[in-house]
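Here the structure comes first, spelled out in structure tokens, and everything after it is commentary.
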Amino acid sequence: MKPTRLPASCLLSAAFLLVLALLSAVPSQAKSYVFFQGTQYPLAVYILKGLQPGPTVMVQGGIQGDEVSGFLTAETLSRAHVRRGTLIVVPRANIPSISRRVRAVNVDLNRRFDQPYDDYYEDALARVIRLLLARSDAFIHLHEGSGFYSPTWINAERNPKRWGQSVIIDAGIYQKTLHLSNMVESVLTRLNPHVRPASYRFALFNTETFAPNSPYGPEMRKSLTCYALKEHRIPALAIEVSKDIRPLDWKVREQLRAAVMFLEKFGIRLDLPPLKGVSFEHFADRPPEIRINGQTFKPGATIEAVAGEPLRVEVVRGSGDPFFHANPALFADGRLSLDLTKTDASLFSQVKRLDMRADGNELGSVEVRYTPARSAAGNTGQTPVFEVWHNGRLEEVASGQTMQAVEGDQMLVAGVRPQAGNGRAEIINIKGIVTRVGENTGQDADTDVVLDSGLFMPRYLQRGPDGLPRIQVCRETPGARPAAFYVSLAPRRVAGIRLDGPNGQTAMLPFRPGAGCRLQPGTWTLSEAWSNGSQDRLVALVDGLPLAFGESFTLGMGSSVSLEILQAATFKPLGRMTLAPAAMASLATKAGS
Ligand SMILES: [Zn+2]
């Protein structure tokens, strides 16, 4: 376990802080944070802090989108009330794969941890997962595997090549210190007697990942549990239920029971939300309400739209099943990489059909019927205009123009107006980057691209008249009028941050990486950052964990807090400052540290 942040010598102030914390009468702190908001792969993280100090344990589900129990179990845990320790929950690690109910979209995200990759959206997700794991003392991964694992061959369904109903570890004892098999055995001894039928009991599955002759080694060495062991030397395990057990309700409840037992083993104390009467079976039948141009989505309906005007898509939060909050998706004309519920941007170009899904469950489609534009100022015959989603907002960029962006912004090119004839799909080539797995076809439409000059092939990085690096985006649709625009990339600069303090005071801090700053102890709100781009392209980490703008952190009397600002998409550091309590120097001297 990592040491607590307060030095032992500051016992007085620690005791005082504890009293303060108890007085504040907050039962526990639950915070959520969404990484990559406005992209096709938002990643929600819940940080549940108990009043009693304890270890930090991370639980993750949904890394492979066809393993439904994992994300339902994690989702349920994200509503737990934590009494002791800190629980970090990532319920749906891989939203695009969940929306398609496939194991992998470009690459298997659970095979991207043997080295830092930088190729696909999966690699951006892996960066967040690594960042959270670095703050954790233990890790539990929730999966759903085929068949039933058995160390010996029993039949086709039950043998060493199956993964279901097992608890997976990479080593029995890791580096002589982590006794993983003992720990798992002791939990299974308590868990299994209650598993009915007995043939569904969980087996210990040691993949011997580090043994040179392990048949599982080559794959498992790329996995996240292996990374947790190797990089952080923290206990890590995977709880697999079986895809061959039908009732989802059974699987989620058993996986949940197992997860809670392991969490308790790691030192977390928690209360689950009330689950009586809750059915996990039809979780994705009642997603939140989706409105398109103000009309509620109903399978088979027709949506009215005006040619040349963007479709407006809204997710009505708080509607649908109050317990599950299935993740909705709305796809236009079968374009599965363009989920219209994930962004404020929309489509100008005409679509025929919209398909709705909830956590990958297909819920039907609507037709879209266009009436001609009200104004006569149609775009036909004029300069082609690109539909660009820039940081999740729609921008129209005419051919020949330059779009101003900041390093670390995100861009998705959704189409061109006027559209190519005969409903042909537009081919959009973003020069200098390959966005589709294993193919360099030049088709980069509908793909989120991080505008980081380091990710582009150097020979395609031109220098614009403003001296800044720029890239080119070309329309290469056969038979269509050629068109292109530039994207100019300015470096991102953070000028300052605004903090609002415990007594209503405001601190305007110039952002100077490496500098320190003294503040009155108490609760501070991270209100704002001034930079040359949009604030949502910045991630703030307080003591290594994400803090949304508008949320607060506590500056204790006995310890300082680190405030780090990163580029949101790439996590490139923009700088770190230390915030120290104003009275800390004198206190520390008195305590004799
Ligand atoms: Zn899996």
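Order of listing sets the numbers, starting from 1, for every ligand and every atom in it.
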Practice item. For R537 and D409, run salt bridge (charged side-chain N to carboxylate O under 4.0 Å, His left out): C-alpha distance rounded to whole Å, both residues' side-chain angles, the deciding distance at 0.1 Å, then the answer. Key: CA-CA 7 Å; R537 295 299 98 188; D409 277 359; 5.4 Å; no
Review point. Do R158 and F148 meet the cation-pi criteria used here (NZ or CZ under 6.0 Å from the six-membered ring centre, within 45° of the axis)?
Key: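 Relative to the ring axis of F148, which defines the angle, R158 lies inside both limits.
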Exercise for review: Measure from the ring center of Y121 to the ring center of F36 and say whether it is less than 6.0 Å.
Suggested key: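 Not close enough - the centres of the two rings lie 6.0 Å or further apart.
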Review point. Are the aromatic rings of W250 and F280 close, with centres under 6.0 Å apart?
Key: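 No, the ring of W250 stays outside the 6.0 Å limit from the ring of F280, centre to centre.
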Check your understanding: Does the distance from a Lys or Arg side-chain N to an Asp or Glu carboxylate O, for D66 and R100, drop under 4.0 Å?
Key ->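 No, this pair does not count.
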Point to revise | Lys/Arg N to Asp/Glu carboxylate O, D123 vs R127, below 4.0 Å | key: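 Judged by the 4.0 Å cut-off on N to carboxylate O distance, D123 and R127 do not form a salt bridge.
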Exercise for review: May I ask you to list the protein N, O or S atoms found at less than 2.8 Å from the Zn ion (ligand 1)?
Suggested key: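 As for protein N, O or S atoms lying under 2.8 Å from the Zn ion (ligand 1), they are Q64 OE1, E67 OE1, E67 OE2, H143 ND1.
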